[in-house]
Amino acid sequence: MPDYTLSELSALSGLPVRTIRYYLAQGLIPASGESGPGAHYGEGHLGRLRLVRRLQQEHLPLAEIRARLAALSDPDIVALMTQDPPAAPEPEGSALDYVRAVLAGSNRATPPLQ
């Protein structure tokens, strides 16, 4: 089982060291059991960091992410990370489409209040 330093964990997860320290303080990932610059982290830590990033892309707040991660074991995390992320729903129209509709006086735009 590989052990990573904080800077290696940062490079592998794509997260800044400062963010990882924040996640540790917030309880999103467990402490390594060691303190100081000699602390090492395992695959479970890396998997949790990657899952946090995926859940953030789904716009979940950190409190919800913390609650979800608390109920998961390291094997659960690995299983979740091997699945494809859910597809994002197709937007009905872009903001640009809406602005164009407003400027064109389309019926799609909400009429002004009188």
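Keep in mind that this is a model prediction, so the values were computed, not measured.
Rounding to the nearest 0.5 angstrom, the gap separating the CG atom in Leu46 from the CD atom in Glu8 is 11.0 Å. Rounded to the nearest 0.5 Å, atoms CZ (Arg50) and CG (Leu15) are 10.0 Å apart. Once rounded to the nearest 0.5 Å, the distance linking OG1 of Thr19 with CG of Leu24 reads 11.0 Å. Considering OG of Ser13 and CG of Leu51, their distance stands at 13.0 Å, rounded to 0.5 Å. Here the straight-line distance linking atom CD1 of Ile77 with atom CD1 of Ile29 works out to 11.0 Å at 0.5 Å rounding.
Among all heavy-atom pairs drawn from Arg66 and Gln26, the shortest one is NE-O, 2.6 Å.
Counting only heavy atoms from C-beta outward, the side chains of Asp74 and Glu43 never approach each other to under 4.5 Å. Side-chain contact between Leu49 and Arg53 is absent, with no heavy-atom pair separated by less than 4.5 Å. Under the 4.5 Å side-chain criterion, counting only non-hydrogen atoms from C-beta, Arg48 is not in contact with Leu28.
A continuous path of hydrophobic side-chain contacts links Val17 to Leu12 [ILVMFWY only; heavy atoms under 4.5 Å]. Under the 4.5 Å side-chain heavy-atom criterion for grouping Ile, Leu, Val, Met, Phe, Trp and Tyr, Tyr22 is connected to Ile20 within one hydrophobic cluster.
Side-chain N or O atoms of Arg54 include one that pairs as donor or acceptor with a backbone N or O of Leu80 at under 3.5 Å.
The salt bridge (charged side-chain N to carboxylate O under 4.0 Å, His left out) check on Glu64 picks up Arg68, with sequence neighbours excluded.
Note on residues 23-65: pairs passing ring-ring contact (aromatic ring centres under 6.0 Å, His included), not counting sequence neighbours, are Tyr41-His45.
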